[in-house]
**Q** 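Structure in structure tokens, see below.
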2 protein chains.
Amino acid sequence: MGGGLAHRVPDLGALELLLAVARLGSLGGAAREVGITQPAASSRIRSMERQLGVALVDRSPRGSRLTDAGALVTDWARRIVAAAEAFDAGAQALRVRRDSRLRVAASMTIAEYLLPGWLLALRAGRPDTAVSLHAGNSATVAERLLSDEADLGFVEGLTVPAGLDSVVIAHDHLIVVTAPGHAWARRRRPLASTELAATPLILREKGSGTRQVLDAALGGLARPLIELSSTTAVKAAVVSGAGPAVLSELAVGEELAMRRLVRVPVEGVSLARDLRAVWPTGHRPVGPARDLLSLTRA
Amino acid sequence: MGGGLAHRVPDLGALELLLAVARLGSLGGAAREVGITQPAASSRIRSMERQLGVALVDRSPRGSRLTDAGALVTDWARRIVAAAEAFDAGAQALRVRRDSRLRVAASMTIAEYLLPGWLLALRAGRPDTAVSLHAGNSATVAERLLSDEADLGFVEGLTVPAGLDSVVIAHDHLIVVTAPGHAWARRRRPLASTELAATPLILREKGSGTRQVLDAALGGLARPLIELSSTTAVKAAVVSGAGPAVLSELAVGEELAMRRLVRVPVEGVSLARDLRAVWPTGHRPVGPARDLLSLTRA
DNA sequence: ATGAGGGCATAAGCTGTCTTTATGAGCGGT
DNA sequence: ACCGCTCATAAAGACAGCTTATGCCCTCAT
């Protein structure tokens with residue numbers, strides 16, 4: 001009963017269909033838009049209603065409108081579809097095509113959390129630009145740029161690799177997070193940096209970018225409660241109540257919005273780091289690379 | 001080519017399976033966890049790799065590890081699954097069960113954007129609590145509470161309906177948003193409130209909570225460029241570049257993260273409003289209602 | 001009134017996907 | 001060398017979803 005999400009949530013096709021019905025106010029019209037026949041759409045919506053146990057649309061001989069519950073469900077569905085669009089944008093870029101017009105190399109965090117959104121925006125403006133993506137650490141990004149295997153790079157370190165020009169495109173903040181039940185979640189005053197340094201934390205392994213920034217900010221004092229090898233593992237541990245952690249706000253946006261994690265304000269430490277776009281010195285980005293770069297600086 | 005997302009993105013079952021593989025490091029183990037056989041899991045992962053055109057796992061006689069690309073895809077998948085979990089939490093609450101132990105009435109914005117997350121958190125702590133949800137405006141929320149059809153309510157108006165006690169659980173900020181291509185998106189200095197009042201905006205219809213707050217803050221001066229009847233329609237119009245709008249930050253979090261919308265800083269206006277939990281005067285929430293209430297105040 | 005058109009429902013048949021069962025084969029620790 | 005874990009392959013069955021072909025209902029215009 002814990003799993004089986006797929007049996008309780010309609011599939012993407014059904015959700016897209018529902019969004020089309022919401023937008024067009026007609027089952028048949030929605031059917032046409034998604035490329036199926038009207039009876040198929042009708043049946044699909046109906047089985048979705050059976051699955052959820054809630055009426056979603058009011059069917060009338062002159063169209064179909066969402067019920068109140070339907071409007072709510074549609075909005076929740078929209079988020080799933082949005083996440084799926086980001087997935088799709090990323091996955092298309094990941095497919096290796098050596099004839100890709102725009103080759104991007106990015107650090108893990110940026111590739112995971114930021115690039116899909118940028119690619120969606122890029123696709124909106126330049127639908128035909130084929131993009132390929134390679135994710136790695138700062139060193140591999142630099143390597144690919146310098147050997148002309150990538151047109152544009154993104155890094156998040158404290159320093160810019162040699163041989164590259166860069167612009168700062170955003171500032172990433174490391175933030176302290178806990179499970180909602182943790183004592184820190186109910187604090188009314190910001191945490192002092194000394195308190196943070198004195199408390200055992202769930203940490204990434206030494207050498208990770210996040211860990212480096214934290215150690216630097218705290219003067220190498222961060223105490224490990226556990227050390228884990230991926231951001232995801234750290235998040236999971238925090239959510240399960242194992243303790244507090246310090247993570248990029250990019251990595252925990254979703255969890256904060258869903259209230260699975262709580263942000264704890266801190267004072268007296270600077271946990272910011274720059275996110276930079278990089279390219280070989282002198283080779284100013286042109287064409288699609290320039291477009292992507294300008295998108296990131298909104 | 002515009003639609004067909006469902007043909008390019010694996011279904012939820014496959015994504016869950018992939019997450020299980022990532023967590024357990026074994027196809028067979030993942031298969032067991034999601035309740036299918038090992039060959040089924042193997043075949044499903046393989047067809048996902050065909051679909052995406054990328055190898056996701058390294059299969060070895062002593063387990064399966066994610067490839068680099070696989071790790072990236074898995075993280076994108078995690079977001080879809082998280083959205084699906086929120087959908088599920090909301091949908092379960094929506095299913096009308098008169099024997100529900102906790103009956104919640106909430107305003108639209110809160111029901112859409114905040115409640116699913118809270119319900120997930122509540123479920124984590126109290127898996128067996130059955131919740132029912134009714135969404136409406138402040139007046140209907142009050143009505144349901146006073147007629148004992150709901151145990152706890154959430155409203156977002158400027159005032160608290162008569163007969164109810166309340167606590168502020170969060171502050172919602174209305175923010176100015178535009179498409180990334182809009183001139184305001186490149187501003188370096190905050191917008192003056194007079195500029196905002198002088199510019200025709202995409203607005204919700206008069207009478208909506210959002211519109212009320214905006215009109216109050218601007219002294220009834222907001223100029224409509226168009227008036228639309230749902231937050232979603234407004235967002236769509238803004239994304240398509242029709243013009244700027246003022247919306248709850250709750251409603252546009254996703255779009256901002258995906259860079260489909262850009263936030264424009266404003267100075268000189270207070271566009272905050274309180275989100276409150278409410279209950280009949282004297283009837284302090286107890287039991288599950290109290291649990292939910294305390295979750296919301298993190 | 002009456003016919004045209006848009007909208008939705010139902011029925012029957014087909015197709016494709018995903019599943020299970022059954023089996024084989026590689027690698028590692030005992 | 002053997003047991004236990006891993007994964008792969010093959011064949012057959014179950015199920016969900018699609019399409020085509022109808023029919024009914026409602027509204028609007030003639």
**Q** State, without any angle test, whether B:Asn137 and B:Ser107 hold a side-chain donor-acceptor pair at a distance under 3.5 Å.
**A** no

**Q** Under the ring-ring contact (aromatic ring centres under 6.0 Å, His included) definition, can you give me all pairs with a residue in residues 103-140 of chain A, not counting sequence neighbours?
**A** A:Trp118-A:Phe154

**Q** Per the salt bridge (Lys or Arg N to Asp or Glu O under 4.0 Å) rule, what does the pair list look like for residues 17-40 of chain A, sequence neighbours excluded?
**A** A:Arg23-A:Glu33

**Q** Tell me every residue that passes side-chain contact (heavy atoms from CB on, under 4.5 Å) with A:Met48, counting only those two or more places apart in sequence or in another chain.
**A**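 Only A:Pro10, A:Ala14, A:Leu15, A:Leu18, A:Ile45, A:Leu52, A:Leu56 meet the side-chain contact (heavy atoms from CB on, under 4.5 Å) criterion with A:Met48.
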
**Q** Are B:Ile80 and B:Val9 side-chain neighbours, meaning at least one heavy-atom pair lies under 4.5 Å?
**A** yes

**Q** Can you find a side chain N or O atom of A:Ser60 that sits less than 4.0 Å from OP1 or OP2 on C:dC8?
**A** no

**Q** Of all residues at least two apart in sequence or in a different chain, which pass the side chain to side chain donor-acceptor pair (under 3.5 Å) check with B:Ser147?
**A**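 Counting only residues at least two positions away or on another chain, B:Ser147 forms a side chain to side chain donor-acceptor pair (under 3.5 Å) with B:Glu149.
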
**Q** Under 4.0 Å from any atom of DNA chain C, heavy atoms only: list the residues of residues 14-30 of chain B that qualify, in numerical order.
**A** none

**Q** Taking only residues two or more places apart in sequence or in another chain, which ones pass side-chain contact (heavy atoms from CB on, under 4.5 Å) with A:Glu205?
**A**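 With neighbours one apart ignored, the set is A:Ser208, A:Ser229.
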
**Q** According to side chain to side chain donor-acceptor pair (under 3.5 Å), does anything in residues 54-64 of chain B pair up with another residue at least two apart or in another chain? List the pairs.
**A** B:Glu49-B:Arg59

**Q** Sort and list the pairs that fulfil salt bridge (Lys or Arg N to Asp or Glu O under 4.0 Å) and have at least one residue in residues 64-74 of chain A, not counting sequence neighbours.
**A** none

**Q** Could you run down nucleotides 12-20 of chain C 5' to 3' and tag each one B, S or - for protein heavy-atom contact under 4.0 Å?
**A** -------BB

**Q** May I have the distance from B:Asp58 (atom CG) to C:dG26 (atom C1'), rounded to whole angstrom?
**A**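 From B:Asp58 CG to C:dG26 C1': 16 Å.
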
**Q** Using atom CZ of A:Arg46 as one end and atom C1' of C:dA9 as the other, report the distance to the nearest whole Å.
**A**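 Result: 7 Å.
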
**Q** Counting only side-chain N and O atoms of A:Arg59, is one of them less than 4.0 Å from OP1 or OP2 of C:dG7?
**A** no

**Q** Tell me the side chain to side chain donor-acceptor pair (under 3.5 Å) pairs involving residues 38-48 of chain A, sequence neighbours left out?
**A**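 The answer is A:Asp11-A:Arg44.
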
**Q** For A:His7 and D:dA16, what is the distance between atoms NE2 and C1' respectively, to the nearest whole Å?
**A**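 Going from A:His7 (NE2) to D:dA16 (C1'), I get 13 Å.
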
**Q** How does protein reach along nucleotides 24-30 of chain D, written 5' to 3' as B (base within reach of a heavy atom under 4.0 Å), S (only sugar-phosphate), or - (no contact)?
**A** -BS----

**Q** Which salt bridge (Lys or Arg N to Asp or Glu O under 4.0 Å) pairs, counting each pair once, include a residue from residues 114-124 of chain B, with sequence neighbours left out?
**A** B:Asp88-B:Arg123

**Q** Is any side-chain nitrogen or oxygen of B:Ser64 closer than 4.0 Å to OP1 or OP2 of D:dC7?
**A** yes

**Q** Please give, in whole Å, the distance from C:dC8 C1' to A:Arg32 CZ?
**A** 12 Å

